[in-house]
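Comments concern the structure below.
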Amino acid sequence: MPDTVWKKCVVVAGLAVFLLSFPLLVRDAFLLRLFTEALMWIGLAITWDLIAGYIGYLNFGHGVFFGFGAYTTTILFTKANLPFALSLAIGGGVAALAALIIGWPVLRLRGAYFAIATWAFGRAIMQLALVLDVTGGPDGMRLPPFLNPHFFAYVMLALVGATYIVLWVLLERAPFGLKLKAIREDESGSLAIGLNPAKLKLQALVLSAAPAGLIGGVYAYWITFIDPSSVFGDLVTDQAVVMAVFGGLGTLIGPAIGAVFFLTFKTYFWAYLSDFQVLYLIILGVAIAACVVFLPDGIWGAVTRRQEGRRALRKGLSLNQRAAAPPAHPSAAGTSVRPSVRPRDGEEE
Amino acid sequence: MSTLLKVEGIDVFYGPAQALWGVSFEVAKGQLVSLVGTNGAGKTTTLRAICGLIEAKAGRIAWDGREISGLPVHEIMDLGVSLVPEGRQLFPKMTVEENLTIGSYLRRTKANRNRNLDWVYELFPRLSERRRQLAETMSGGEQQMLAIGRALMQEPKFLILDEPSLGLSPVLVQDIFRIIKDFHDRGLTTLLVEQNVSQTLQLVDYAYVIENGRIIMEGKGRDLADNPKVKEAYLGF
Amino acid sequence: MAEPILRLENVSKAFGGLKAVNQVSFDVSEGEIVGLIGPNGAGKTTVFNLISGYDPPTEGSISFNGCEISGRKPYELAAVGIGRTFQIVKPFAGLSVLDNVTVASYLRYPAQRDARRKAREVLEFIGMGDRADMPAAGLTLAGRKRLEIGKALALEPKLILLDEVVAGLNPTEADQTVQLILSIRKSGVTTLIVEHIMRVIMGISHRVVVLNYGSLIAQGAPEEVARNPQVIEAYLGESK
Amino acid sequence: MLTLLPQAIIDGLLLGGIYLTVSIGFSLAYGVLHIIDFAVGEWIMLGAFLGLYLTAWTGWDAMLFLPAVFVVFAVVGWFTQPLIQRVTSGAKGRPVLMALVFTFGLALTFRGAAQTVFGIFTHSLPTELAAGSWYWELGPFMMTVPLVRLAGLVYALAITVGLTYLLKRTDLGLAIRAVAQHKDAAGLMGVNIQRTNAVVYSLYVGISAMTGVFIGAIISLNSGMGPDLSLFAFFVVVLAGMGYLPGVPWASFLLGLIQSFFLIFFNPSWTLLAVFTVLFLILLVSPTGLFRKGV
Amino acid sequence: MKRIFLIGVLVLGMVLPGVALAQDAFKIGVVTSLSGDLATGGNVTKRGYDLWAKDVNARGGIEIQGKKYPVRLVYGDDQSQAAQAASAAERLSVQEKVDCVLGPYASGVTLAAAPVLEKYKIPMITGSAESPLIWRQNPPFKYTFGTIPPVNFTGSGVIKSLKALPDGPKTAVIYGTNDAFSKATAEAFQATAEKEGIKVLKFNIIPVKQDMTPLMSAAKALNPDLIAFGGHDEELINLVKALVQIDFTPRFLLMHYGVTEPAFIEALKKNADGVLGGSVWNVNMDIKGQIGWPTAKAYADAAMAEYKVPSDYTQAGCSAAGLAFEAALKQLAVPPPLDEAARTKLVSILEKIDIQTFYGRVKFAEEGEFYHSNAGLTPFTVQILDGKEMVVAPVGLAQAKLLYPLKPWKQR
């Protein structure tokens, strides 16, 4: 036991040293940009995974929080002339507040309805950004360029690193994570053991929204330009989803691996193989399908044999109970005395 | 008496977990045979295997001397097998009449649809009164009648009933048992699966006792009913 | 007779137009094991759902330790001291056996370390200490049912509701579970149990409450109830 | 502006008709097969391109090719269904997910292939109906009904009525509903589940492809049109309540009416904002669709 | 330990540098939308750039101090996303070490790529981005140029030419879709119309890809002389079809950009006839080029031979952007690779450059709201006549008479 703990410490320390020194060692600004972008996507993927992998709710409006952060930061920074750090902090706060406000009604929805409702919310907010004056509408907003790659690499590292550590402590070390997993496994059953799923889910949503908002704020300053489709578009969420699913849901390391893997592939593909752009769609399509068929728990799940991924997806996509809950165990199948037609059951539908 | 259904040493798995271990039994033409056992013993699984709803990994199932394991469900049904499944498994959003009508979906029964409908309504006047009602709105007993009626619409040569008494009031249970006996008297081959062991064993010609996926005992119904081992393990009180 | 820990007064529950539970009243005293029996569909599980807060009663009152609890949420009731199991066992299948119990012990032990310690204690108590690190999905039916009890016990309840924890088990397993129920009671937890297998109910209950079609038709000592002609007719059905 | 009220209603209903054509087959496929087919928009796109090539080749009116497009794609659907079946039943217990992801991959592949083969430009399907319209003036009210859109609505309603008839009045329909409600029990009734599934999928693909011809004639077509259509189909089906076929027309018309009213009477730039807000709010108020009848 | 291995592999993948071959050629980066939402337009720009590269290399390359250096294009797909545009610009600057850059199709991505190129002091000419936003920045982008004048420049000319007609429009309904380019177009139409005394009865910005029939119903009720619309190809086609369907023929129907795209005429056939648009270039113009293709016709033929589609002004503008670099590099007379000083000098050459091409005059504005966009062109009005795009105003450039009022749809 102490032996593996020691090994883990070495790995973590090594990783930390690597991450901290990477920006210093690398002179190539493009690699630094990739590094920053990879960190950004790790942050978005793990915060999405907090809701998807740990509670089993597929949030297709995660990009909204990113966008809230980006726009709030930009507006405060460029129009109200607040310092960047303060604008950024408020941006994160606004994202968290948004999560708090929509979380309560939305988290009552289940499966595909939750997915669609969050998607609709994201679309509505994007339309709002397109028609408001303060956001610049479709023209988007520019921020004064501050093109210091090291600054952004370290800010992103600090932000995503802190998010990672906080989530790791809360999800893997503190009771919070186990409680969320219990909700994922059986939401109604979790009531009986004293959990309040509504409250826990809301806490988790806020916890996933705040870092996403902060990342959005940093993104805006880093890229120097935002418009509704670049920060509120489906792409932000979709990419985080693909990364998390590919890497392995319900873990923190999985989405991170997925993010690095996907981003590396994507960047190199577009950089050097963009003549075959048609293939990109096909490769992506086949890869996603193959991943779910052959690696239902993602890369990390396949390595560690953790099955969180498929459990989370099963819940998140459950459209009706019949399709989602097959007899998992022979004895359980045998005990099911619940008739398919229940004359006395008026609570559902 | 010739054998109608012969099950020989079937193994069935749910994923990696084995549910049936070399289950063998047979039913002769015109017989009323029962498969008894506790919850989770493997009764329903056995029936599902016979009907082709789940594949048997080993062993064979023969119908009238012909191997039927591996055939799709609808072809097995076409041979004349009818299952009244556990928990009825009606079509909840269909009316009573539609539930019965689909019983005669098979080509060989389609021609007799109206005659059979009349017959089932005569047999269960309750259903006749409620022919336009949705199945899900009916009481448990009515649903059970409908499930049996639906199976009868298939003009079965071999009727399988899975826990027909489940969830019914005692009066209704007596009705159901009376109907089963009645069919038996008319010469219909029947396989009855029941938890209500004492009453079932009184009724049937022959019975098999299944436990943990294995047949552990068999014999004439009344012999088993008197067997103290059976009593101790399954009759409770 | 001791002060009732649980009291149901004229409790009814209707789903749509159907009355699943109709004007049911009974008490459970501290330290008792009470059996709740009745044919399938009699409303036993609905009564459990009402007591544990899963369904609010349509009318009537439920009080626990003298406080009105009808309409309160299940997690509030768990905090007050009511633990329950489910007829269709619901382990958190993706979690280990230990985690299943740990997540329940957070109610009384918010700190991770204490919750783990409590969970191990409970696992020892229910005889599953050796299976702590197994995924719950890999348990047999008997293991799952036992784990259900463990989860309820980790809440340190004053009252535990057991829904068919014996049904479906083979005789040896059933005996072990009966022993477990008796030792739970010995530890001072009041038990309300729904069970199909009469041998179990009759053997361990101090009192038995009989429901039929949602209504209470008899209550009293097991022997008494077993002689009640109404019960015999409704439940045992051997009218020959 | 109130003089435009009848026109707004007509425009809304006609637009709703388009959404209905997009969603009705999708809803059927979901209701029976329990799969969310992400490729619905791509089936529509492919159908539209087949129509385009046929009209370009023969010079005839696009509407004449509806049966041909249906037949071709019904056959394609017939042979695609077993593939989906195999993928979804390959790994036990995750049919919904597998179908979703598989059709997503299918959609990406179709789109990529279409971009290569058909190019990236927008086209329009020629039809004589396009220039026709009926016009009335009633006091202060004036109304124009574009014939091609009316044809689209009639087509949508005909498909809806046809499907309803099929489901309610025929043995095949009985079998389809049985499979939808309880697969095992349907098998026990002697229904060939595999064949029924293939029939449903081929109906759905055929209908979607025909819809492509209408959309190409009414609006326009290009190789990238799929995702938006898929999203709207999804939108309508969720609003209707997933798997609840009778809700689909109402959800479609609601969607069309919201748009026409915002475009005519309110601020047009808020149209889509209104559409998504309404979807969001309806889900909050009624979590299983407009009629609370979704699964 | 698998974790370390995995990470190792990934890091290796990330650090492997782009293969940079030293050779005697100008390395010119292309940042544009080859995929994503704007792929349609992005690929048109790519055709324009490719055609120039092919042409210049066929001529042996760019002559510097007596030696001819070919050009090599290096692509960076911005995937129609701002972040990827910045990333592509950075990669081309740092890893590929390009000498200069041919710019994106749309303005949003240009706005993200430009600051990165400013930082590395790499000049960029975009042959397409027409939104006025790019030129209005404060401080302005010193290293960014554009061969197409912004829409507020071209759009106003068209309205003016209509107003100048003896029986010009008196009332107008103006729409634009809600993207940066289309909205700017619609706003330019609106501003000019109001200035010219055309009464704007209704001005609306509508969501992208919105069905427009109800909108046209509302327009029909107002019965304006002119409907002016800012949008992209697909939307223009949909708008005409909506008008046909509700049977409303305004006297003038004006759009921008998309009418010059071959797909517009192909999709609408006879209903495209009479539609007006604004442009700065077309195939039939009588222009003599001093560099590259001698005439517009020669260019169009070359493009037709290469791509089998007629060329439009975006593609031509992109090829002209290449020609501008070609002329400036020749003048710079520094062999590749260019260092920072040479590139800075290139910018000052570009600022002074004034050349005649098949596309028209290229002369970048040195100040004002059109800073660094092409001020050498005269915007003109085109009309689709018998399936061909013809210049109808101003008088000096006109190839045909402006036909109005629009022929009713039902009589076609």
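Residue numbering restarts at 1 for every chain, and letters A, B, ... go by the order of the sequence lines.
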- Under 4.5 Å to a heavy atom of chain D? For B:Gln154 that would be side chain

- Message: At a 4.5 Å cut-off on heavy atoms, which part of B:Pro72 comes close to chain D: side chain, backbone, both, or neither?
- Response: neither

Just wondering, are more than 12 heavy atoms of other shown residues or ligands nearer than 6.0 Å to [atom1] in [X]?
{"X": "D:Gln194", "atom1": "CD", "result": "no"}
{"X": "B:Trp63", "atom1": "CH2", "result": "yes"}
{"X": "D:Arg169", "atom1": "CZ", "result": "no"}

- Using atom types as modelled and distance alone, determine if a side-chain donor or acceptor of D:Gln181 lies under 3.5 Å from a backbone N or O of B:Lys93. yes

- Student check: side-chain heavy atoms of D:Leu188 and B:Pro85 closer than 4.5 Å: yes

- Message: Contact between D:Arg195 and B:His74 at the side-chain level, heavy atoms closer than 4.5 Å - yes or no?
- Response: no

Point-to-point distance, once rounded to the nearest 0.5 Å, from [atom1] of [X] to [atom2] of [Y]:
{"X": "D:His182", "Y": "B:Met94", "atom1": "NE2", "atom2": "CE", "value": "11.5 Å"}
{"X": "B:Asn99", "Y": "D:Met189", "atom1": "CG", "atom2": "CE", "value": "8.5 Å"}
{"X": "B:Ile102", "Y": "D:Leu174", "atom1": "CD1", "atom2": "CG", "value": "4.0 Å"}

- Those residues that, when tested against B:Arg214, pass salt bridge (Lys or Arg N to Asp or Glu O under 4.0 Å) (two or more places apart): none

- Using a cut-off of under 4.5 Å for heavy-atom pairs, which of B:Arg150, B:Arg48, B:Glu75 has the most such pairs with chain D? B:Arg150

- Note on the structure: Those residues of residues 103-117 of chain B that come under 4.5 Å of chain D on a heavy-atom basis, listed by number, are B:Gly103, B:Tyr105, B:Leu106, B:Lys110, B:Arg113

